[in-house]
Amino acid sequence: MSDGTLFSMDTPPTEARFQNRLWVADLLDLTGAALVGWGAVRAAEWVSTAGLLGFAMGAAWLLLSCVGGLTGLTPGRHALGLKLERAEGKTPGLGAGLLRALTAPVELVLQVVLQRRPLDEQLGVHASVIPGGFRGWARSLPLPLVGLVLLAGAVWSIVTPTRQEMLQYLDRTLTGWHCCHGTRDVTWQCRTSLSRAVRNASAGDTEVADFVRNECPVAAARLGP
């Protein structure tokens with residue numbers, strides 16, 4: 001066997017060079033899209049039914065996939081220093097982005113089993129390193145940064161009680177009563193519920209304002225005269 005043949009066998013094809021990092025990036029993006037969808041439902045104060053959550057998460061993933069098709073970048077890919085491109089170095093395009101919204105979740109499983117990405121191969125796309133080193137990575141940061149801001153807002157919406165949850169806790173539970181009267185140690189649920197009550201009352205929510213002034217001395221003290 002010649003040295004040239006040996007070298008060619010040891011060098012993976014372009015499509016396979018970064019497939020493991022792309023697998024991690026896809027998993028990060030899929031998880032992030034699910035969190036953004038969940039956070040959007042809570043921020044809108046909608047009832048979190050399974051159907052609505054599935055729709056919101058799917059819509060967030062579809063939007064992210066479209067952006068990833070048009071630009072080659074997503075927050076997950078950017079975090080791992082990758083972009084998605086076609087063989088000739090062009091961005092995948094909107095069509096490939098839409099199709100990849102369907103194929104990428106399946107390929108997360110297929111790659112574990114097959115150790116390759118057959119669906120990406122059919123779409124003619126593969127991962128490559130963002131060119132230009134750190135400067136190139138920094139220049140491409142603004143778009144993924146928007147996604148990270150959305151993700152941070154979604155996480156905040158998830159861990160912060162909705163209006164209904166706040167009233168349910170403060171007005172109808174024993175621990176909420178203790179929270180309102182400052183007779184027990186402050187927990188995360190207590191702290192965030194009090195903050196939400198004060199924000200709503202300050203914003204002109206008359207129902208919450210009346211509750212705070214009549215039933216919740218700790219929040220009323222924060223609200224002021």
Side-chain angles (χ1 to χ4, degrees), residues 3-40 54-155:
D3 292 341
T5 304
L6 178 63
F7 181 79
S8 64
M9 292 178 63
D10 290 342
T11 303
T14 302
E15 292 77 7
R17 288 183 61 194
F18 305 106
Q19 65 178 18
N20 291 333
R21 284 164 64 180
L22 184 58
W23 187 92
V24 176
D26 284 343
L27 183 61
L28 289 175
D29 286 330
L30 190 60
T31 303
L35 291 174
V36 168
W38 184 12
F55 175 80
M57 291 176 180
W61 172 244
L62 183 64
L63 178 60
L64 180 61
S65 298
C66 290
V67 172
L70 291 171
T71 67
L73 291 172
T74 61
R77 292 174 209 156
H78 189 267
L80 276 80
L82 298 176
K83 66 174 184 175
L84 202 67
E85 64 181 20
R86 294 190 177 277
E88 60 272 20
K90 296 180 180 179
T91 55
L94 181 60
L98 288 170
L99 289 173
R100 207 169 183 277
L102 302 176
T103 62
V106 178
E107 196 134 65
L108 286 174
V109 179
L110 290 180
Q111 184 175 334
V112 173
V113 177
L114 303 177
Q115 294 301 303
R116 51 190 289 264
R117 303 181 67 89
L119 300 180
D120 274 357
E121 291 173 12
Q122 291 296 317
L123 291 175
V125 297
H126 64 273
S128 65
V129 174
I130 296 174
F134 177 76
R135 289 186 178 180
W137 184 89
R139 283 195 300 268
S140 60
L141 181 59
L143 184 61
L145 190 60
V146 173
L148 293 176
V149 170
L150 290 174
L151 179 60
V155 172

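These values consider heavy atoms only, across backbone and side chains, with no hydrogens, waters or symmetry-generated copies.
- In plain terms, the two heavy atoms of P142 and A138 that are nearest each other are CD-O, 4.0 Å.
- Judged purely by atom type and a 3.5 angstrom limit, H78 uses its side chain to pair as donor or acceptor with the backbone of W137.
- The minimum heavy-atom distance between R21 and L80, with the atom names listed, is NH2-O, 2.5 Å.
- Looking only at side-chain heavy atoms (C-beta outward), W23 and V112 come within less than 4.5 Å of each other.
- Counting heavy atoms from C-beta outward, L119 and L102 have side chains that stay 4.5 Å or more apart.
- No side-chain heavy atom of S128 sits less than 4.5 Å from a side-chain heavy atom of R17.
- In this model, no donor atom of one side chain and acceptor atom of the other lie less than 3.5 Å apart for D26 and Q111.
- Between V125 and P92, the shortest heavy-atom contact is CG1-CB, 3.9 Å.
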* Could you walk me through whether L64 and L30 pass side chain to side chain contact (heavy atoms under 4.5 Å, CB included), step by step? => CA-CA 9 Å; L64 180 61; L30 190 60; over 6 Å; no
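- G147 and P75 get closest at one heavy-atom pair: CA-CG, 4.1 Å.
- Residues Q19 and R117 meet the side-chain proximity criterion, which asks for heavy atoms closer than 4.5 Å.
- Counting heavy-atom neighbours within 6.0 Å of W61 CH2, excluding the residue itself, gives a total above 12.
- Considering every non-hydrogen atom in both L22 and A127, the closest pair reads CD2-CB, 3.9 Å.
- For the pair C66 and L98, the minimum side-chain heavy-atom distance is below 4.5 Å.
- A heavy-atom distance below 4.5 Å is not found between the side chains of T71 and T91.
- Once rounded to the nearest 0.5 Å, the distance linking OG1 of T74 with CG of D29 reads 3.0 Å.
- Residues D120 and H126 form no side-chain contact, since every pair of their non-hydrogen atoms from C-beta on lies 4.5 Å or further apart.
- To the nearest 0.5 angstrom, T103 atom OG1 is 5.0 Å from L123 atom CG.
- Distance check: I130 CD1 to S140 OG gives 4.0 Å after rounding to the nearest 0.5 Å.
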* Start with the C-alpha distance between E107 and R100, add both sets of side-chain angles, then the distance that settles salt bridge (charged side-chain N to carboxylate O under 4.0 Å, His left out), and finish with yes or no. => CA-CA 9 Å; E107 196 134 65; R100 207 169 183 277; 5.3 Å; no
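- More than 12 heavy atoms of other residues, nucleotides or ligands lie within 6.0 Å of CD in Q115, so this atom counts as buried by the packing criterion.
- Residue A56 comes nearest to G37 through the heavy atom pair CB-O, 3.5 Å, listed as atom of the first residue, atom of the second, then distance.
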